[in-house]
Amino acid sequence: PAQRKLVERQYNGPVKVCGSAGTGKTIVAMHRAVHLARKQPRANLLVTTTAAIPTATAAPSESVEPEAAAASPEFSLLEAQWLLSYGEAGVSQLYLYSAAQNRVQQLTGPDLDRRDASLRPGGEAIVHSAAANGGWDLYVLDPASGESRALSADPGYEGAPDWSADGGWLAYEHYADNNLEIFIRPADNTFEAVNVSASPAADYTPDWSPLGQQIAFVSQRAGSPQM
């Protein structure tokens with residue numbers, strides 16, 4: 001009952017669940033994800049963790065509501081999705097969890113260290129950051145085929161990508177001229193990326209507005225991190 005209250009409660013902001021080993025923190029997180037996915041079946045949930053989540057998600061939905069499991073074996077990227085990056089032996093890979101099918105699918109192999117995944121609206125592509133060419137570059141992955149292509153090949157750092165609402169643009173953080181800046185670029189790579197923050201202070205963690213007309217980000221311009 002105590003765990004269910006944490007899972008189903010309506011919160012007004014971030015929540016930190018504390019407890020010693022074995023008290024059920026991971027179980028609460030898994031059921032919370034399923035609860036949110038069922039309340040908003042078209043939403044995408046993004047989770048990053050260093051714990052053994054792929055094994056922990058073996059059957060979170062069955063114990064909460066068995067009849068809600070999908071009957072069809074067909075895998076659709078238009079269902080509620082949960083993207084996560086899971087690290088093992090020093091290398092992180094991407095996984096996709098389908099709440100409707102109660103299924104975890106490994107999307108990438110151990111060829112590159114991958115993180116910061118973002119699912120394109122519609123679900124047909126995943127942009128992420130991968131360690132390659134001596135730095136971190138942006139890659140786009142086709143979840144259906146498992147094929148990925150590089151959007152950039154820079155020896156520096158590019159990460160935390162986010163899709164625009166129409167799926168035509170990407171915003172991301174890029175280390176340029178000894179500073180962290182916010183860049184945007186078309187998803188089809190038709191022209192070069194553009195620095196849209198251009199500040200001597202560090203700007204990072206971009207997030208497109210729902211209509212794609214603005215980008216929220218964190219900045220050190222005031223001397224401390226602020227939105």
Using only atom types and a distance under 3.5 Å, with no angle test, would you say the side chain of [X] pairs donor to acceptor with the backbone of [Y]?
X: H174; Y: Y157; answer: yes
X: Y11; Y: L6; answer: yes
X: S152; Y: L138; answer: yes
X: R120; Y: G167; answer: yes
X: R32; Y: V7; answer: yes
X: T108; Y: L94; answer: yes
X: W163; Y: S118; answer: yes
X: S129; Y: P161; answer: no
X: R185; Y: L151; answer: yes

Contact between Q105 and P143 at the side-chain level, heavy atoms closer than 4.5 Å - yes or no?
no
side-chain contact (heavy atoms from CB on, under 4.5 Å) involving T205 - partner list, sequence neighbours excluded:
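For T205, the residues satisfying side-chain contact (heavy atoms from CB on, under 4.5 Å) (neighbours in sequence not counted) are E173, V218.
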Could you pull out all residues at least two apart from R221 that satisfy side-chain contact (heavy atoms from CB on, under 4.5 Å)?
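Scan of R221 (side-chain contact (heavy atoms from CB on, under 4.5 Å), adjacent residues dropped) gives S197, S199, A201, D203, F217, S219.
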